Visitor: 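This structure is in structure tokens; I'll ask about it shortly.
Numbers here are sequence positions counted from 1. From a predicted model like this one, the values you see are computed outputs, not experimental measurements.
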Amino acid sequence: MLKFSEYPYSRVDVVAVQNQLKDLVKKIDSCENSDNLYDLFMEFNEIKSNVESMSTLSSIRHTINTQDEFYTKENDFYDEMLPVLQESYITVDKAFLANKNIEGLKQRVPETYFMSKEMEFASFDSCIIEDMQLENKLTSKYQALLASAQIPFDGEVYTLPALEVKTNDKDRSVRKEAMKAYWGWYQEHQEEIGDLYDQMVRVRTKMAKKLGYSSYIELGYKRMKRYDYDQNDVAQYRKQVLEDVVPFDSSLYEKQKDRLGYDTLYAWDEKIEFLSGNPTPKHSREEMVKRALNMYKELDPKTGEFFQYMVDHDLLDLDSKKGKAQGGYCTFIPNQKSPFIFANFNQTSHDAEVLTHEAGHAFQVYESQDIKPLDCVWPTYESCEIHSMSMEFFTYPWMKDFFEEDIDKYYFNHLSGAIKFLPYGVLVDHFQHEVYANPDMTPQERMKTWRELEKQYLPHKNYDEIEILEQGGWWMRQSHIFMDPFYYIDYTLAQVCAFQFWVRQQNNDSKAFEDYKHICKIGGTLPFRKIVKEANLIVPFEQGCLKETVEKISTWFDAHQDVK
């Protein structure tokens, strides 16, 4: 049994792959029947699977240690070469679509594959390869910059994720000073980060113009593969959040201020729900993984089998350490049929949340790994996040094993954080629409735009003494804005779906988890709206969906206001 550290890696021979693909195009052009065409399609899938396996291994090992010279060079190599290979992939796809037996292939391949190809054709041309390479370099540079942070605080030196622990401290003065130190680093690097983002906006806008779009917004939606909703749907959804969620969240912040006994709720107070301190896991990372394994075995045989595989193959890298990239993610190594979970544990409740969240992604891809082609193993992002966010709720009955006497505080804190997240999530989306609709804004104008929108969606914000936040600098820490433009509204759409699963749990609906497993199994074979309906949930865009959701959550909080 190979462990992750033993997974073999070799740099992809791009010229050899390009030659394979050229030969494949010739075979496709001369293919006379649908069975043979399908065999060629599977051959194409194997080529792409190998490339993705190697590039993914390189990326994982680079993010585990951004100071590793070998994998830094490998990461740079794929930044350069993946856009080049994309051109070859599209040539092959066009050959398939031009073959007279294409209808036979369409009967054996998920509909989303062809929807995906349509959007890829509309979002790529060889004329933007150099721009894509620059975009990749800029995102890697941003990631490395944040990973390099070494911030002196209270006699020690912290990374950005590690310093966040101190922003949750029970001592209000420690929280305040930690937040000032955290954002002090961003203030010191404000010009560099602002310039990096300015270059990203410009190169993305340049790509859009070359492809004939009026702005990057249109291209961004194509690249995100938003098959069955558009900008108008998203704008109407944001409006529902403003009308139905923001007032409710404002009332939660007001109650939080009163519960803490403060006259004013400052930015460094927002993460603290209780004077006695937020819930924290009571165990080490090793013990948490052990308890998670037991949890998943008790939840369902399938989840037990999945998590045992993750543990046996060392497919979880959870500790925060020097040189490690920020954040958390789940990815998939096709050749090994292995999901991989990456996180930065920081001894807060976030550790349990990120573990269950990323395990939701990993379980989905573990269940759908045999779907062909590889392109349809994962659904689009907003559907992916249903699996992760819903898993956070489905594991509620076992959270007592992690939080013990803090369990009631955990439920309160987690549900509060989930509903408070929605306005922030749509703020990130709205900000990006404004940025790409007005690409010539200066970095200072972008800061001002963020702050103006923030006052709409998060009117409670008080940044006293943290100048960069008062100026509108919070967005600089949100890596999605830099690395995955327009990838954020997805979290909020999925959260609304996850809330519906939570409601079904509250109602003891025995079919809820079966529906969840079903949408994990179908992977990316359907677009978003159809996946939501397969799960027997309401599509978040539908008028009244948010209002009804907030009413259910409000009822829960009314019954749990005595949690301290």
Visitor: Can you establish whether the number of heavy atoms outside Lys141 located under 6.0 Å from its atom NZ is more than 12?
Guide: no
Visitor: Angle between ring planes, Phe363 versus Tyr516, binned at 30° and 60°: parallel, tilted or perpendicular?
Guide: parallel
Visitor: Are His357 and Glu385 close enough that some pair of their side-chain heavy atoms sits under 4.5 Å apart?
Guide: yes
Visitor: Are the side chain of Ser388 and the backbone of Gly360 linked by a donor-acceptor contact shorter than 3.5 Å?
Guide: no
Visitor: Could you report the tightest heavy-atom contact between Asp198 and Pro443, atom names first, then the distance?
Guide: OD1-CD, 4.4 Å
Visitor: Could you check if a side-chain atom of Ser10 sits within less than 4.5 angstrom of a side-chain atom of Met54, using non-hydrogen atoms only?
Guide: yes
Visitor: Working to the nearest 0.5 Å, report the span between CG of Asn346 and CG of Leu160.
Guide: 12.0 Å
Visitor: Should Lys100 and Glu32 count as an ion pair when the cut-off is N to O under 4.0 Å?
Guide: yes
Visitor: In this structure, is the centre-to-centre distance between the rings of Phe482 and Tyr142 below 6.0 Å?
Guide: yes
Visitor: To the nearest 0.5 Å, how far apart are CZ in Arg202 and CG in Leu134?
Guide: 12.5 Å
Visitor: How long is the gap from CD1 on Ile333 to CD on Gln369, to the nearest 0.5 Å?
Guide: 12.0 Å
Visitor: Would you kindly check if the NZ (Lys) or CZ (Arg) of Lys324 is within the cone defined by 45 degrees around the ring axis of Phe342 and under 6.0 Å from the six-membered ring centre?
Guide: yes
Visitor: Give me the atom names and distance for the closest heavy-atom approach of Tyr7 to Ser338.
Guide: OH-OG, 2.7 Å
Visitor: With no hydrogens and no angle check, is any side-chain donor or acceptor of Asp131 less than 3.5 Å from a backbone partner on Val203?
Guide: no
Visitor: Could you label the plane-to-plane angle of the Tyr9 and Tyr78 rings as parallel, tilted or perpendicular, counting under 30° as parallel and over 60° as perpendicular?
Guide: perpendicular
Visitor: Do the non-hydrogen side-chain atoms of Ser59 and Thr331 ever get within less than 4.5 Å of each other?
Guide: no
Visitor: Evaluate the ring planes of Phe528 and Phe541, with Trp represented by its six-membered ring, and classify them as parallel (under 30°), tilted (30 to 60°) or perpendicular (over 60°).
Guide: perpendicular
Visitor: Does this structure show an ion pair linking Glu534 with Lys530, if we count only N-O contacts that are shorter than 4.0 Å?
Guide: no
Visitor: For atom NZ of Lys206, decide whether the heavy atoms of other residues, nucleotides or ligands shown that lie under 6.0 angstrom number more than 12.
Guide: no
Visitor: Sub-3.5 Å donor-acceptor pair from the side chain of Ser390 to the main-chain atoms of His387, do we have one?
Guide: no
Visitor: For Lys3, does the NZ atom sit with more than 12 other heavy atoms under 6.0 Å from it, leaving out its own atoms?
Guide: yes
Visitor: Under the salt bridge (Lys or Arg N to Asp or Glu O under 4.0 Å) rule, what do Lys222 and Glu218 come out as? Steps first, then yes or no, please.
Guide: CA-CA 7 Å; Lys222 299 284 188 188; Glu218 296 168 88; over 6 Å; no
Visitor: Is a side-chain N or O of Lys210 found less than 3.5 angstrom from the main chain of Asp125, in a donor-acceptor match?
Guide: no
Visitor: Other residues, nucleotides and ligands only: do more than 12 of their heavy atoms fall within 6.0 Å of CD on Glu69?
Guide: no
Visitor: May I ask you to decide whether Glu43 forms a salt bridge with Lys27, counting only side-chain N to carboxylate O separations under 4.0 Å?
Guide: yes
Visitor: Taking the six-membered ring for Trp, are Phe513 and Phe394 parallel (under 30°), tilted (30 to 60°) or perpendicular (over 60°)?
Guide: perpendicular
Visitor: Which pair of heavy atoms, one from Asn344 and one from Gln326, lies closest together, and at what distance?
Guide: ND2-C, 3.6 Å
Visitor: Just checking, is any N or O donor in the side chain of Glu74 or His62 under 3.5 Å from an acceptor N or O on the other one?
Guide: no
Visitor: Using 0.5 Å steps for rounding, measure from the OG1 atom of Thr63 to the OH atom of Tyr329.
Guide: 2.5 Å
Visitor: Under a 3.5 Å cutoff, is there a donor and acceptor pairing between the side chains of Lys297 and Gln308?
Guide: yes
Visitor: If you measure only the distance, is there a donor-acceptor pair under 3.5 Å linking the side chains of Glu382 and Tyr229?
Guide: yes
Visitor: What class does the angle between the rings of Phe44 and Phe96 fall in, given that below 30° is parallel, 30 to 60° is tilted and above 60° is perpendicular?
Guide: tilted
Visitor: Just verifying a value: how many Å separate Asn75 CG and Ser140 OG, rounded to the nearest 0.5 Å?
Guide: 4.5 Å
Visitor: Does the side chain of Val92 reach to within under 4.5 Å of the side chain of Ile28, using non-hydrogen atoms?
Guide: yes
Visitor: Any salt bridge between Glu80 and Lys137, counting N to O under 4.0 Å?
Guide: yes
Visitor: Under a 4.0 Å N-O cut-off, is there an ion pair linking Glu135 with Arg223?
Guide: yes
Visitor: Can you confirm whether Glu118 is buried at CD, in the sense that more than 12 heavy atoms of other residues, nucleotides or ligands lie under 6.0 Å from that atom?
Guide: no
Visitor: Rounded to the nearest 0.5 Å, how far does SG of Cys31 lie from CG of Asn36?
Guide: 5.0 Å
Visitor: Using atom types as modelled and distance alone, determine if a side-chain donor or acceptor of Asp228 lies under 3.5 Å from a backbone N or O of Arg529.
Guide: yes
Visitor: Quick one: closest heavy-atom pair of Gln364 and Cys384, and the distance?
Guide: OE1-SG, 4.3 Å
Visitor: For residues Ile90 and Phe121, determine if any side-chain heavy atom of one lies less than 4.5 Å from a side-chain heavy atom of the other.
Guide: yes
Visitor: Taking all heavy atoms of Pro485 and all of Gln432, pick out the closest pair and write down the distance.
Guide: CA-OE1, 3.3 Å
Visitor: Spell out, as yes or no, whether a donor-acceptor pair under 3.5 Å connects the side chain of Thr492 to the backbone of Ile489.
Guide: yes
Visitor: Do the ring planes of His480 and Tyr487 sit parallel (below 30°), tilted (30 to 60°) or perpendicular (above 60°)?
Guide: perpendicular
Visitor: Judged by atom type as modelled, is there a donor-acceptor pair below 3.5 Å linking the side chain of Ser368 to the main-chain atoms of Val377?
Guide: yes
Visitor: Does a donor on one side chain and an acceptor on the other come within less than 3.5 Å for Gln478 and Tyr424?
Guide: yes
Visitor: Output yes when Asp351 and Arg285 qualify as a salt bridge under the 4.0 Å nitrogen-oxygen rule, no when they do not.
Guide: no
Visitor: Which class fits the ring pair Tyr436 and Tyr216: parallel under 30°, tilted 30 to 60°, perpendicular over 60°?
Guide: tilted
Visitor: Using only atom types and a distance under 3.5 Å, with no angle test, would you say the side chain of Thr112 pairs donor to acceptor with the backbone of Gly524?
Guide: yes
Visitor: How close do Ala535 and Ile519 get, counting heavy atoms only, and between which atoms?
Guide: CB-CG2, 3.7 Å
Visitor: Can Ser116 and Lys225 be counted as having a side-chain donor-acceptor contact under 3.5 angstrom?
Guide: yes
Visitor: Counting only heavy atoms not in Lys321 (residues, nucleotides, ligands), do more than 12 fall under 6.0 Å from its NZ?
Guide: yes
Visitor: Report yes if some heavy atom in the side chain of Cys545 is under 4.5 Å from a heavy atom in the side chain of Gln500; otherwise report no.
Guide: yes
Visitor: Please report the C-alpha distance between His433 and Gln231 in whole Å, then the side-chain angles of each, then the deciding distance to 0.1 Å, and finally whether the side-chain contact (heavy atoms from CB on, under 4.5 Å) criterion is met.
Guide: CA-CA 9 Å; His433 277 82; Gln231 294 176 53; 4.3 Å; yes
Visitor: Using the ring centroid of each side chain, check whether Tyr488 and Phe431 are separated by less than 6.0 Å.
Guide: no
Visitor: Please confirm whether the backbone N or O of Gly104 pairs with a side-chain atom of Asn101, one donor and one acceptor, at under 3.5 Å?
Guide: no
Visitor: Can you tell me if Asp375 uses its side chain to pair, donor with acceptor, with the backbone of Tyr113 under 3.5 Å?
Guide: no
Visitor: Could you tell me whether Glu130 atom CD has more than 12 heavy atoms of other residues or ligands within 6.0 Å of it?
Guide: no
Visitor: Do the charged groups of Lys517 and Glu514 touch, with an N to O distance under 4.0 Å?
Guide: yes
Visitor: Take Asp35 and Asn33 through the side chain to side chain donor-acceptor pair (under 3.5 Å) test and state the conclusion after the steps.
Guide: CA-CA 6 Å; Asp35 285 341; Asn33 68 72; over 6 Å; no
Visitor: Are Gln199 and Asp195 linked by a side-chain donor-acceptor pair shorter than 3.5 Å?
Guide: yes
